[in-house]
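Take a look at the structure set out below.
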Protein chains: 2
Amino acid sequence: MTDIPTIVTVLDRAGYRLTEPRRKVAGLISRRDGHFSAADLVDDARERRLDVGRATIFRALELFTELNAVERVDLPNGDHAYVECEPVHHHHVICSQCARTTEVEACGMPAVARDVGRRTGFKIQSHRLELFGICPECQAANSRHG
Amino acid sequence: MTDIPTIVTVLDRAGYRLTEPRRKVAGLISRRDGHFSAADLVDDARERRLDVGRATIFRALELFTELNAVERVDLPNGDHAYVECEPVHHHHVICSQCARTTEVEACGMPAVARDVGRRTGFKIQSHRLELFGICPECQAANSRHG
DNA sequence: CGCTTGACGATACTCAGTCTCATTTGCTAG
DNA sequence: CTAGCAAATGAGACTGAGTATCGTCAAGCG
């Protein structure tokens with residue numbers, strides 16, 4: 001839901017070339033709402049006859065991920081997916097019905113991490129937190145004709 | 001680190017056949033210390049000439065996961081791995097140096113989930129939390145000759 | 001405008017995980 | 001103890017994600 005300029009700007013600022021294929025991939029991502037896989041983008045590209053190579057899409061995703069314009073998440077079923085996001089530490093709430101995602105800072109986490117560190121003796125370096133549930137829109141839709 | 005009987009008992013109680021291949025896979029898992037992948041078990045089996053088919057190992061892992069004798073985790077690099085564990089809700093702390101894992105109940109999580117639910121309007125159903133860090137043993141080893 | 005180098009696309013490849021199907025084996029009933 | 005059946009196995013084909021290679025192309029600089 002961020003617009004293309006965001007990703008493009010990040011690319012530019014990091015000193016990478018603003019190539020046509022990269023703009024196209026950025027465009028495809030910005031049209032997306034929830035999480036998506038590399039395969040989704042490949043399909044999108046083919047559908048819209050964008051003529052972007054498969055490898056290029058993977059490379060773009062890898063680059064965007066590195067630049068924090070996009071983030072990899074792991075779905076409950078184990079599949080990999082990506083979500084567009086702001087380049088600050090945060091977590092995602094993922095709707096298991098429509099795949100829409102929201103970012104939250106989850107400010108309670110540092111306390112949890114600290115607590116776990118104290119109890120286990122581990123020096124906690126990082127964590128991965130993903131929350132799954134039903135978004136407000138789907139809840140409303142469900143109660144209307146559920 | 002749990003012993004073979006644990007997994008075998010769980011199998012039995014759930015009404016599944018106690019076959020030789022399943023015992024072997026359970027044995028391989030119990031010999032493992034940290035997280036492991038299906039490929040690791042395949043290698044172990046070949047090394048020890050256990051004669052267990054690849055498909056069987058995948059099937060056994062799937063079954064054990066379903067019975068909560070084992071859990072799937074996602075490593076920071078996106079790889080899939082499994083850890084043996086107790087069948088109650090909990091989370092894993094994973095040593096990024098030696099792969100050893102510890103279980104914690106992470107009792108602060110419900111509060112975080114509730115808070116996130118309130119702020120985003122999502123009805124939170126489940127979450128995935130994995131913590132990565134350095135375990136006490138590795139910390140000690142590092143400071144000795146680091 | 002022309003050069004240099006990073007990026008591209010086609011394609012071959014690898015590897016995890018799944019599926020199929022003929023064979024085997026755990027279990028149970030007799 | 002044995003027979004028989006369904007569940008499970010193993011070999012190997014298959015799929016699909018992701019990676020590597022390499023000749024060609026074009027972004028961006030001077």
Side-chain angles (χ1 to χ4, degrees), chain A residues 4 7-29 35-46 48-67 69-82, chain B residues 4 7-29 35-46 48-67 69-82:
Chain A
I4 310 179
I7 296 183
V8 172
T9 305
V10 170
L11 263 183
D12 195 23
R13 251 200 298 254
Y16 288 93
R17 286 194 188 168
L18 263 44
T19 67
E20 205 43 41
R22 281 178 183 161
R23 284 176 205 277
K24 287 177 182 169
V25 175
L28 289 178
I29 292 176
H35 55 74
F36 54 88
S37 64
D40 289 335
L41 296 189
V42 172
D43 290 347
D44 287 2
R46 195 167 31 82
R48 315 184 76 203
R49 285 144 226 278
L50 285 186
D51 248 338
V52 185
R54 219 170 80 85
T56 301
I57 290 179
F58 277 94
R59 280 189 287 240
L61 277 173
E62 186 186 352
L63 180 58
F64 296 171
T65 303
E66 196 169 309
L67 298 177
V70 133
E71 185 171 326
R72 253 182 114 139
V73 296
D74 292 289
L75 271 22
N77 64 19
D79 283 358
H80 290 153
Y82 294 86
Chain B
I4 309 179
I7 296 183
V8 172
T9 304
V10 171
L11 262 184
D12 195 21
R13 252 199 298 254
Y16 289 93
R17 286 195 187 166
L18 263 44
T19 66
E20 205 43 43
R22 282 177 182 161
R23 283 174 205 276
K24 287 177 182 169
V25 174
L28 289 178
I29 292 175
H35 56 72
F36 54 88
S37 63
D40 288 337
L41 296 189
V42 173
D43 290 348
D44 287 2
R46 195 167 30 82
R48 315 183 76 203
R49 284 146 227 276
L50 286 188
D51 249 336
V52 186
R54 220 169 79 85
T56 301
I57 291 180
F58 278 95
R59 281 190 285 242
L61 278 172
E62 187 186 351
L63 180 59
F64 296 171
T65 303
E66 197 169 309
L67 298 177
V70 133
E71 186 171 326
R72 254 182 113 137
V73 296
D74 292 289
L75 272 21
N77 64 20
D79 283 359
H80 290 154
Y82 295 87

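Residue numbering restarts at 1 for every chain, and letters A, B, ... go by the order of the sequence lines.
- Rounded to whole angstrom, the span from the CD atom of E62(A) across to the C1' atom of dA17(D) amounts to 14 Å.
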Pairs under 3.5 angstrom only: tabulate donor-acceptor contacts from the side chains of residues 53-64 of chain B to other protein residues two or more places apart or in another chain.
none

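- Two residues, Y82(B) and L18(B), neighbour DNA chain C, and the one matched to the more 5' nucleotide by heavy-atom proximity is Y82(B).
- Between the side chains of D12(A) and T9(A), no donor N or O sits under 3.5 Å from an acceptor N or O.
- Of the side-chain N and O atoms in R22(A), none sit less than 4.0 angstrom from OP1 or OP2 of dA27(D).
- Annotation: of the two residues near DNA chain D, G15(B) and S37(A), the 5′-most nearest-nucleotide partner is G15(B).
- Ring pair Y82(A)/F36(A) is parallel by interplanar angle, where below 30° counts as parallel and above 60° as perpendicular.
- Judged by distance alone, with hydrogens and angles left aside, R59(A) brings no side-chain donor or acceptor close enough to the base of dG18(D) to form a pair under 3.5 Å.
- In this structure, L11(B) places its CG atom 13 Å from C1' of dA7(D), rounding to the nearest Å.
- The CD1 atom of I57(A) sits 14 Å away from the C1' atom of dA10(C) (whole-angstrom rounding).
- The CG atom of N77(A) sits 15 Å away from the C1' atom of dG16(D) (whole-angstrom rounding).
- For F58(B) and dG12(D), the CZ to C1' distance is 14 Å, given to the nearest whole Å.
- T65(B) places none of its side-chain heavy atoms less than 4.5 Å from the side chain of E71(B).
- With hydrogens and angles ignored, a donor-acceptor pair closer than 3.5 Å exists between the side chain of R17(B) and the base of dA7(D).
- Across the protein-nucleic acid pair, E20(A) atom CD and dG28(D) atom C1' stand 15 Å apart, rounded to whole Å.
- Rounded to a whole Å, the CG atom of D51(A) is 12 Å from the C1' atom of dC8(C).
- Regarding contacts with the backbone of dG9(C), a side-chain N or O of T56(A) is found under 4.0 angstrom from either OP1 or OP2.
- Between the C1' atom of dT18(C) and the NE2 atom of H80(B) lies a distance of 15 Å, rounded to the nearest Å.
- Within the model, atoms NE2 of H35(B) and CG of D79(B) stand 9.0 Å from one another, a figure rounded to the nearest 0.5 Å.
- For the pair T19(A) and dA26(D), the criterion of a side-chain N or O lying under 4.0 Å from OP1 or OP2 is not met.
- Between the side chain of R54(A) and the base of dG18(D), at least one donor-acceptor pair of N or O atoms lies under 3.5 Å.
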